[in-house]
Amino acid sequence: MTTPPPPLEALVRHFADLRDGTHAGHATRQGKEGAFRQAVSLLDPPARQVLAEFDQHLLLGTGTVHATGPHTDAAGGSFAAWRLSWPAQRAAGIAPITLTAHYGAGFHHPHLRGGTVGEWPLNVTDAGHAAELVPVLRAIAAADLHNLVFQRDWRIVPAVRPARPPCLPSRPSAASSRPSRRWT
């Protein structure tokens, strides 16, 4: 078997954490909070890089990046955000480009999200354009699979299920596959 691309490997780690009740080797909320703060620190340079690329190439250097660092939200969860704002966006009264890391109070582990993501432009007129979308397609598929796991649980992903004797059923019982907010 070949090594999966990094986003798929990350999903396997994610689903294994769900299976094992851990995150980054931690089982307690306190340990997971520490891992979240470390993840935010590690994510800061790439998040700033991506937003700087958008500023340089699309906003023509008119933007400003603001990073919050880790904070506690009103519900007791944690979050960090990187925002790219620019004059035309502010004048239009719309939100900035936002990358958010969040670890909700009732969540099993942290997640990333954008401010408005739901659609991706499809402007493909040749094979090169299509190939350029491979990282985007991986990100969309990974997010979709993650949300499908959220609707049920990690057992829908064969790569994270332990091998079982052939006499055991291949599907979990209905009671064990119900979604739970703490398993996100």
Distance from His108 atom NE2 to Phe150 atom CZ, nearest 0.5 Å?
-> 13.5 Å
Take Val149 and Val157 through the test side-chain contact (heavy atoms from CB on, under 4.5 Å) and record every step on the way to the result.
-> CA-CA 8 Å; Val149 165; Val157 182; 3.7 Å; yes
Do side-chain atoms of Thr22 reach the backbone of Asp20 as a donor and acceptor pair under 3.5 angstrom?
-> no
Is a donor on one side and an acceptor on the other found under 3.5 Å between the side chain of Thr68 and the backbone of Ala81?
-> yes
Look up atom CG in Asn147 and atom CZ in Arg152, then write down how far apart they are to the nearest 0.5 Å.
-> 13.0 Å
State the CZ-OH distance between Arg37 and Tyr103, to the nearest 0.5 angstrom.
-> 10.5 Å
Does some side-chain heavy atom of Val40 sit less than 4.5 Å from a side-chain heavy atom of Pro70?
-> yes
Gap between atom CG of Leu51 and atom OG1 of Thr98 - 0.5 Å precision | 8.5 Å
Closest non-hydrogen atom pair, Lys32 against Ala27 = CE-O, 3.8 Å
Return yes if some donor-acceptor pair links the side-chain N/O of Arg83 with the main-chain N/O of Val65 below 3.5 Å, else return no.
-> no
Indicate the atoms forming the closest heavy-atom contact of Gly76 with Arg29, along with that distance.
-> O-NH2, 4.0 Å
Test item: Ser78 and His102 side chains (from C-beta on) under 4.5 Å apart, heavy atoms | no
Out of curiosity, Phe79 CZ to Phe36 CZ, how far, rounded to the nearest 0.5 Å?
-> 9.0 Å
Mark yes or no for whether Arg90, through its side chain, and Ala95, through its backbone, hold a donor-acceptor pair below 3.5 Å.
-> no
side-chain contact (heavy atoms from CB on, under 4.5 Å) evaluation trace for Trp154 with Asp17 | CA-CA 9 Å; Trp154 59 267; Asp17 281 351; over 6 Å; no
Is there side-chain contact between Leu145 and Phe15, with at least one heavy-atom pair below 4.5 Å?
-> yes
In terms of ring plane angle, is the pair His111 and His14 parallel, tilted or perpendicular, where the classes change at 30° and 60°?
-> perpendicular
Please tell me if the side chains of Leu84 and Asp55 come closer than 4.5 Å, counting only heavy atoms from C-beta onward.
-> yes
Measure across Glu132 and Pro135 and return the closest heavy-atom pair with its distance rounded to 0.1 Å.
-> O-CD, 3.4 Å
Flag, side chain of His71 to backbone of Gly69, donor-acceptor distance under 3.5 Å | yes
Smallest heavy-atom separation, Val160 atom then Val12 atom, equals CG1-O, 3.4 Å
Short side-chain to backbone donor-acceptor contact, His23 and Glu33, under 3.5 Å | no
Are any side-chain N or O atoms of Gln89 and backbone N or O atoms of Trp86, one a donor and one an acceptor, separated by less than 3.5 Å?
-> yes
Given side chains that start at C-beta, do those of His66 and Ser85 come closer than 4.5 Å, heavy atoms only?
-> no
Does a side-chain N-to-carboxylate-O contact under 4.0 Å join Arg48 and Asp44?
-> yes
Could you grab the distance from atom CD1 of Ile156 to atom CG of Leu148, nearest 0.5 Å is fine?
-> 5.5 Å
Test side-chain hydrogen bond (donor to acceptor under 3.5 Å, both in side chains) on Glu9 and Thr3 and set out the steps.
-> CA-CA 8 Å; Glu9 186 180 4; Thr3 303; over 6 Å; no
Decide whether Ile94 and Phe54 are clustered together by the hydrophobic rule: side chain heavy atoms of Ile, Leu, Val, Met, Phe, Trp, Tyr closer than 4.5 Å, transitively.
-> no
